[in-house]
Amino acid sequence: MNYNPNEIEAKWQQYWAENQTFKASNNSDKPKYYVLDMFPYPSGAGLHVGHPLGYIASDIVARYKRHQGFNVLHPQGYDSFGLPAEQYAIQTGQHPAITTETNIKRYREQLDKIGFSFDWNREVRTSNPEYYKWTQWIFIQLFNSWYNITADKAEDITTLITVFEKEGNASVKAVCDEDVAVFTAEEWNGFTGEEQQKILLQYRLTYLAETEVNWCPALGTVLANDEIVNGVSERGGHPVVRKKMTQWSMRISAYAERLLEGLNRIDWTESLKESQRNWIGKSVGVSVTFNVKQSDATIEVFTTRADTIFGVAFMTLAPEHDLVAQITTEEQQAEVAAYIEATAKRSERERMADVKTISGVFTGAYAEHPFTKEPIPIWIGDYVLAGYGTGAVMAVPCGDERDYAFANFFKGTNGMPEIKNIFSPLTANGEIDTSDEVIKEEAFAAKQGFVLKCSDFLDGLGYKEATQKVIEELEAIGAGKAKVNYRLRDAVFSRQRYWGEPFPVYYVNGMPQMIADEHLPIRLPEVEKYLPTETGEPPLGNATVWAWDTANNEVVANDKIDHETVFPLELNTMPGWAGSSWYFNRYMDAGNTEEFASQEALNYWKDVDLYIGGSEHATGHLLYSRFWQKFLFDKGVVPVDEYAKKLINQGMILGNSAFVYRTEDAKTLVSKGLIGDKTVYPIHADLTVINDVTNELDIEAFKAHPLYQDYQDAEFILEDGKYIVGREVEKMSKSKYNVVNPDDICAEYGADTLRLYEMFLGPLEQAKPWNTAGMTGVSGFLKKLWRLYTTDNGFEVTDAEPTKEMYKVLHQTIKKATEDIENFSFNTSVSQFMICVNELGKLKCNHRAILEPLAVLVSPYAPHIAEELWAGLGYEGSIAMVAYPKFEEKYLVESSKEYPVSFNGKMRFKIELSLELSVPEIQEIILADERTKAQLNGREPKKVIIVPGKIINIVG
RNA sequence: GCUCGAGUGGCGGAAUUGGUAGACGCGCUGGAUUCAAAAUCCAGUUCUUUCGGGAGUGUGGGUUCGAUUCCCACCUCGAGUACCA
């Protein structure tokens, strides 16, 4: 009776679907376990073998935990809003909803073939109105909240209004816009409703503001910082420019410290946490205020090196700094204007690529040193970034590389002073090094190994003491204070796209108004065209039925807009990360129409025990979702403020590209071994036209392939009568023709083989190349496993008592498989299964007492065959909930050990000795052994090390 | 530049409270079976060797009876990030 994977896999997949085997209940006496995959964007290309890697790992854990007696939540869904479906709509006119539906169907078919134990009853789709209703609802919650620094949490905006009414805003400590004017209670109460709304907008956690955004002209939309890679868009690689626009923003900066702190409480990889820490970019320093001479303006700078304040030689403002226009003197006006214009023209990318070139101009103005009162020339320069700190720096050439380079470059012009040194370097034993005068060639940027000089009251102090002292002095004269600065910027939340969540927002006199919760969802309107309008408005500007009727609370035609009861709706949509920032909570109670999720469900499942997904989301999804979770926690909606206890990043599966080599004239194709020193150009060969094992090109298939029509008449230069292709490991991608489709693998070898092989390939977190040839290994393993339970006549097992050896192998395997699964070391447990089956095969084991637990052990990895074997053993129903076998130490206890005997650390021979023997007894036996004498060759052993049960080492 | 991670056979990889380096699989070699092939099974497979051995986990040093594992310095590759004041 042969193992026929196609037949049994289809059968059990149908069984699981019909019997709802993996349906999770929100009520159970069992402990809960929540295993989550990052849900996919359903792209038109379908899945390749790299995609399911993480899903297979999480499925193994989910199935293992079910065997262990947990109530397991293992859901799946689709992040179904996004750019590709919209771009397809622009090209073809097909509605993105149709494209998305088709792609999801394809994804589902592919996923089903691999035999995942997902609870599809809880499927979510971010583009489904029943889902995005709650995304809109969360947006409204954010709008109706402010961040109270004193309480260190988000609170309802009404608590802020209460304070304003009683005390004004002077005493309010909130995370808000920087330029909020101070007002009293009387003033507040005297403001018009509109004025009050404007002020509140400066406090809300999501707010409308004119901000400088990353505008991508090619995509016609704004991009978030994490959607830009090397100055071009992550999608498509289009150039990105800075542009001022009125946009919704999320006040994620309010949560900077808590996002940082929370990292200490979660078990995520160190590198991922480090990425988030860098992205948040906390730096502890001092804010110093400089007065501008002959002006009432002041310049605030942020510095981490306040100790160097007596080394300040000049100040540099970012060209975009607000004060530039105000302080620039008449003589310098033309030069400054020209410089600003020149910088604005340079794209972010050029500016980044070209860090070596020093440029800047003098404003003509001077600031006043807070202590010495000496004049300090104020320059502008593009090495100072408007977006970081205050967009202004105090420049200390002797202590900072960039300041040094700038000062050196402009030395002697416009009052740029000579570089002055304020550091006395210390020798290794802490004495002042008088022999060496530093700061001749470069800045002294270290924070240790010096004491200050020429620094008034700071003379003789090191970095720490000086910083402490200068903060005290600055505070005493009111010119500065300690400050913590974060790199993390508020996140722009508007996108000029069609295929995203519409905002539940309409505008009255330009002021945004929220639509009441009970009228949600606000559904995406139909449009004729998915492109921006002729007037440059976002695609929703094409909608004709997109106005809000406040009398009837419904969306109505635009021509009804009268700005009295009918108002225009927001034309932007939400970004891709909106829907993915809370979906893990929705799975807990996916069908709920009354609430985001019920309190019972949220309290029962609480958080994700294991989250598996790619590391590319480190500073996007994984940061935004933590932010929303903390906000929802503050509002009492969710019970925990970190939603994923443990996170694992699966590595990428790389493609194994094949190449043919053409000559310059494209008339000849040269086999790989014959290239020699000929000039040839590699062309990707589709994997369907080569033999994956022998690397031989199927020339007929190649010529017949539509991609290679240009080579119909080409001459093939063969080696040994064959054309051998070159191979190279690259990212798996359609454009490299190295994609392997899991459907093909399932059809040829079966899903269980695919699952085992993906795990067997190597450690989950590591990138590793795919090699279809290796499939035969695991395929052979499953056949051998099958043969243990069967004969030519069908299933045949014995109830006889197994031998000691059989028990030993089984329990070794239980031990290893359990440990490995707990450590997510899936590759090594597959090895152990192979060892086990090889051993049992040699022992001719067909004993029920061994084969029953073995089926359960294998079941998380290869569930279909496990089900079939379980049925073959005579059981009704699924193996999925059968208790996991228990490891018993007694089966592994040994009475003797084969000791390795080393001489000077090199293993030379082995000797079987009883474990009962004492150290002196072992020594006596070993020294009397002939092989020892031969090794020593007459020398006396200097030392004999015996570690009982482990090793013997003789030094001599 | 900085941060994090990784360097082990022809290939994927295994082994770390320091204790037999190369488990398991691919590939390769030889054999059995077969009319033949596929499939299957058996044996071998780090390198080198004068068959006694010798060398060997990126390189150089150190600690140790003993180092892939710990320490120092360096090299290479990958990922992230960057004029961050």
Side-chain angles (χ1 to χ4, degrees), chain A residues 2 229-230 269-279 281-283 285-286 301-306 308 316 351-352 354-358 381-385 387-396 399-403 405-406 445 485-487 615-616 618-619 649 651-652 656 693-694 727 729 756-757 760-763 765-781 783-784 787 825 827-836 838 841 898-910 934 941-947 949-956:
Chain A
N2 285 328
V229 178
N230 296 327
T269 59
E270 208 40 52
S271 73
L272 201 137
K273 289 193 201 179
E274 206 52 38
S275 296
Q276 292 211 345
R277 288 191 189 108
N278 289 340
W279 192 262
K282 180 179 185 175
S283 78
V286 182
V301 302
F302 174 77
T303 177
T304 54
R305 293 301 303 274
T308 64
T316 315
R351 238 164 114 167
M352 267 162 40
D354 182 30
V355 293
K356 296 269 159 5
T357 316
I358 295 159
D382 67 2
Y383 81 94
V384 178
L385 304 177
Y388 182 78
T390 61
V393 301
M394 58 175 226
V396 182
D400 183 279
E401 307 274 354
R402 293 149 303 164
D403 297 344
F406 197 85
N485 196 54
Y486 297 93
R487 197 183 82 106
S615 57
E616 66 272 21
T619 53
N649 297 125
M652 211 190 308
N656 205 342
V693 179
T694 60
R727 301 303 291 262
V729 171
L756 278 168
Y757 187 57
F760 185 62
L761 227 37
E765 297 178 75
Q766 198 173 299
K768 48 217 171 259
W770 179 264
N771 175 14
T772 304
M775 298 285 315
T776 55
V778 281
S779 170
F781 157 73
K783 286 178 193 164
K784 285 188 232 171
R787 234 173 284 136
S825 176
N827 54 328
T828 50
S829 41
V830 178
S831 302
Q832 181 60 40
F833 292 147
M834 290 173 170
I835 294 168
C836 178
N838 288 343
E898 190 178 38
Y899 280 91
V901 183
S902 303
F903 290 81
N904 301 315
K906 281 266 166 209
M907 206 279 288
R908 297 303 177 194
F909 64 88
K910 290 174 190 170
K942 290 200 190 91
K943 202 170 174 184
V944 180
I945 289 116
I946 294 164
V947 184
K950 279 203 166 160
I951 197 172
I952 297 164
N953 189 21
I954 298 170
V955 188

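Chain letters run A, B, ... following the sequence lines, proteins first, then strands; residues in each count from 1.
Base orientation of B/G52: syn, the glycosidic angle falling within 90° of 0. In B/G62 the base sits anti relative to the sugar, since the glycosidic angle is further than 90° from 0.
Under the ring pair (Phe, Tyr, Trp, His ring centres under 6.0 Å) criterion, A/Tyr757 pairs with A/Trp770, not counting sequence neighbours. Scored by the salt bridge (charged side-chain N to carboxylate O under 4.0 Å, His left out) test, A/Glu401 finds no partners at all (sequence neighbours excluded). Looking at residues two or more places apart in sequence or on another chain, you find a side-chain hydrogen bond (donor to acceptor under 3.5 Å, both in side chains) between A/Lys784 and A/Asn838. The side-chain hydrogen bond (donor to acceptor under 3.5 Å, both in side chains) search around A/Thr303 returns none, not counting sequence neighbours. The ring pair (Phe, Tyr, Trp, His ring centres under 6.0 Å) check on A/Phe302 picks up nothing, with sequence neighbours excluded. With sequence neighbours excluded, the residues forming a salt bridge (charged side-chain N to carboxylate O under 4.0 Å, His left out) with A/Lys282 are A/Glu257, listed by chain and number. In this view, A/Arg727 and A/Asp692 satisfy the salt bridge (charged side-chain N to carboxylate O under 4.0 Å, His left out) rule, not counting sequence neighbours. Among residues two or more places apart in sequence or in another chain, the side-chain hydrogen bond (donor to acceptor under 3.5 Å, both in side chains) test is passed with A/Asn485 by A/Tyr388.
If you check every strand for non-hydrogen atoms under 4.0 Å, A/Ala392 touches nothing. Contacts of A/Asn485 with the nucleic acid, taken as non-hydrogen atoms under 4.0 Å apart, are absent. Within the nucleic acid shown, A/Glu274 comes within 4.0 Å of sugar-phosphate atoms alone, with no base atom in reach, counting heavy atoms only. Residue-level contact check: A/Ser902 touches neither bases nor backbone, having no heavy atom under 4.0 Å from any strand. Counting any heavy atom pair closer than 4.0 Å across all strands shown, A/Ser831 reaches a base atom.
At a cut-off of 3.5 Å, with distance as the only test, no side-chain donor of A/Thr828 or A/Ser831 sits close to an acceptor on the other residue.
Nucleotide B/U68: unpaired (no Watson-Crick or G-U wobble partner with both distances less than 3.5 Å). B/C74 is paired with B/G58 under the criterion used here, namely a Watson-Crick or G-U wobble arrangement in which both key atom distances are under 3.5 Å. The nucleotide B/G10 finds its pairing partner in B/C26, both defining distances of the Watson-Crick or G-U wobble pair being shorter than 3.5 Å. As the counterpart of B/U50, no nucleotide is assigned, since no Watson-Crick or G-U wobble pattern has both distances under 3.5 Å. With both pairing distances under 3.5 Å, B/C2 is matched to B/G80 as a Watson-Crick or G-U wobble pair.
Counting non-hydrogen atoms of other residues, nucleotides and ligands closer than 6.0 Å to CE of A/Met652 gives a total of 12 or fewer.
Remark: A/Tyr388 is in phosphate contact with B/A85, judged by side-chain N or O atoms under 4.0 Å from OP1 or OP2. Proximity of A/Asn838 to the phosphate of B/G25: a side-chain N or O atom is located under 4.0 Å from OP1 or OP2. Residue A/Gln766 has no polar side-chain atom (N or O) positioned under 4.0 Å from OP1 or OP2 of B/A6. Within the 4.0 Å cut-off from OP1 or OP2 of B/C24, not a single side-chain nitrogen or oxygen of A/Asn827 is found.
Without hydrogens or angle criteria, A/Gln276 side chain to A/Ala618 main chain gives a donor-acceptor distance under 3.5 Å.
Listed nucleotides: B/G13, B/C26, B/C84. Nearest to the side chain of A/Arg402: B/C84.
Comparing B/G52 with B/C65, their P atoms sit 34 Å apart, to the nearest whole Å. Between B/A43 and B/U76, the distance separating the two P atoms is 46 Å to the nearest Å. Atom name C1', nucleotides B/A23 and B/G5: the rounded distance is 25 Å, in whole Å. A distance of about 44 Å separates the C1' atoms of B/U48 and B/G1, rounded to the whole Å. To the nearest whole angstrom, the two P atoms, one in B/C77 and one in B/U8, are 14 Å apart. On the P atoms, B/C71 is 15 Å away from B/G7, given to the nearest whole Å. Using C1' as the reference atom, B/G18 and B/A67 are 6 Å apart when rounded to the nearest Å.
Protein atom CZ of A/Phe833 is 16 Å distant from nucleotide atom C1' of B/A14, rounded to whole Å.
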Could you list all N or O pairs between the protein and nucleotides 7-10 of chain B that sit under 3.5 Å apart?
none

Distances under 3.5 Å only, N/O to N/O: pair up the protein atoms with those of nucleotides 63-70 of chain B.
{"unit_1": "B/C65", "atom_1": "O2'", "unit_2": "A/Asn953", "atom_2": "ND2", "d": "3.2"}
{"unit_1": "B/C65", "atom_1": "O2", "unit_2": "A/Asn953", "atom_2": "ND2", "d": "2.7"}

List every contact pair, protein side and nucleotides 52-55 of chain B side both N or O, where the distance is under 3.5 Å.
{"unit_1": "B/G54", "atom_1": "OP2", "unit_2": "A/Arg908", "atom_2": "NH1", "d": "3.3"}

**Asked** Where along nucleotides 40-47 of chain B does protein come under 4.0 Å, by heavy atom, of base (B) or sugar-phosphate alone (S), with - for untouched nucleotides?
**Response** SS------

